[in-house]
Structure formats: C-alpha cells, structure tokens
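I have placed the structure first, in the form of structure tokens, so that the comments after it can refer back to it.
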Amino acid sequence: KNQVEQSPQSLIILEGKNCTLQCNYTVSPFSNLRWYKQDTGRGPVSLTIMTFSENTKSNGRYTATLDADTKQSSLHITASQLSDSASYICVVSLNTGFQKLVFGTGTRLLVSP
Amino acid sequence: DGGITQSPKYLFRKEGQNVTLSCEQNLNHDAMYWYRQDPGQGLRLIYYSQIVNDFQKGDIAEGYSVSREKKESFPLTVTSAQKNPTAFYLCASSIVSRGHTEAFFGQGTRLTVV
C-alpha cells in the first residue's frame, strides 16, 4: 500500500532555533517528493521538489534531503521565524501515466517568540 | 494574477441539501483535482480530471459529483448522499514540468453541515 508517514505530528520551537521534520514513504513507482507548507485555512504551497537522483536541495532557510535507498526525506528549517508556523506536508508522486499524489498527514510546527 | 480561485471560503449547508463548490483556474492547466482534508489526516482525492469533458473517481468519490465542461472550471457538488461532508476542501491543478507533475492549490473551502 502506498503510504507517506511524517514525524513528529507536532512540534514547538523557539524563534531562531533550527528544526528537522521527517518523512518516510512506501510508494512505488516513485517519481518525486515535494514538501509543501500549509498555513492554517489556506492551500498548500510547494517549498521543494526532490527527484530520485537528488540528495539535497535548498530553498532559502529550507533544506530538503532525500535518501532513495531508505525511502526517507527530511526538511530542515534554519533560524526559524514566527512566519514558519504552519503545517508541513510531504507529498510523493507515483510514476504512472497519471501522476497520483500520495500525501502525508503533515507536521504542525509552532514557532514561539 | 494567475492562480486557482475557490469560492466561497466558508459554506454552511443544512442536512439533506446539495451544495456546489466552485474552482476556477487561469493557469491553462489540463489536469484538475478535488481533495478533502480532515483534521489529523492527509489530503484524500475525491475526483480528478485530466482533460475537458473527462473525469475519474478518486479514493473517496461516494456522495460527490463533478463536471468539467470548460478547461478553466471544475466544480464539485457535495450531495445529500455524503454522510459526513463537514471538511476542508481543496482544489488543485497541475502541469508537467521537466517530466514532473507540480500541483498548485486553491485557498480552500470550509464546508460545515448545520
């Protein structure tokens, strides 16, 4: 069964601190993995995309890693800001004729002043 | 501005009533999707459409219906047959870029049954 699991479910950190969110997946055939940021009551917005051959990709203070062998990805947030408070969703695409998206349940991050 | 517009942002429905959620995109994307989001759960696919006048059931299509008469529009009707319709509904469209699908989401509609 195609599944995406994220941990932790929720996280509270102090402003300025770093944090790492985890994503494990059992999806086949794998096409790519994206991290989305979803503010409360809003639609998700893409942060990064990781393909099979990529290990690390950065987008400002966000750095995503992918280990295709262990089927794990992480999202590292550096020097957190209050505006980073949101849900972060890991999404894996299947490499079929229709690229179906499999969503994780998300990690809810709260950055505290 | 290019993007996906969902309306209304909040919607209240009485039990037994059908209600239609609007989704419009001006991104010229062929594929469009409807997802449902419940607390503590990942997004679940209701229906998707890869081209005008064609749509397919997703994982939780029961109690929902869609139409795709225009490329820009993909409305979702929540029927009285949907037993637990209170949820956050997200519309998305997608494009294949460098061999990979990228989905763009609307701002969502929160439906509450009263």
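Here the structure is a predicted model, which is why all the values come from computation and not from measurement. Lettering follows sequence order; numbering is per chain, from 1.
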State whether a side-chain donor-acceptor pair under 3.5 Å links [X] with [Y].
X: A/Ser58; Y: A/Thr63; result: yes
X: A/Asn2; Y: A/Tyr25; result: no
X: B/Tyr64; Y: B/Arg36; result: yes
X: A/Trp35; Y: A/Ser46; result: no

Would you call B/Asp54 and B/Arg68 a salt bridge, taking side-chain N to carboxylate O under 4.0 Å as the test?
->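 Looking at B/Arg68 together with B/Asp54, the answer is no, because their closest N to O distance does not fall below 4.0 Å.
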With a 4.5 angstrom heavy-atom cut-off, which part of B/Gln56 approaches chain A: side chain, backbone, both or neither?
->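 Contact with chain A is absent: no heavy atom of B/Gln56 under 4.5 Å.
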For B/Ala103, is it the side chain, the backbone, both or neither that has a heavy atom under 4.5 Å from a heavy atom of chain A?
->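 For B/Ala103, heavy atoms of backbone and side chain both lie under 4.5 Å from chain A.
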Chain A contacts: which residues in residues 72-90 of chain B have a non-hydrogen atom closer than 4.5 Å to it?
->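 Contacts with chain A: B/Phe88, B/Leu90.
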Region of A/Gln38 in contact with chain B, defined by heavy-atom distances below 4.5 Å =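 Just the side chain, heavy atoms under 4.5 Å.
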Salt bridge (Lys or Arg N to Asp or Glu O under 4.0 Å) with A/Lys37: which residues, sequence neighbours excluded?
->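 If we apply the salt bridge (Lys or Arg N to Asp or Glu O under 4.0 Å) test to A/Lys37, skipping adjacent residues, there are no hits.
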Should we count CZ of B/Arg44 as having more than 12 external heavy atoms under 6.0 Å?
->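 Correct, the count exceeds 12.
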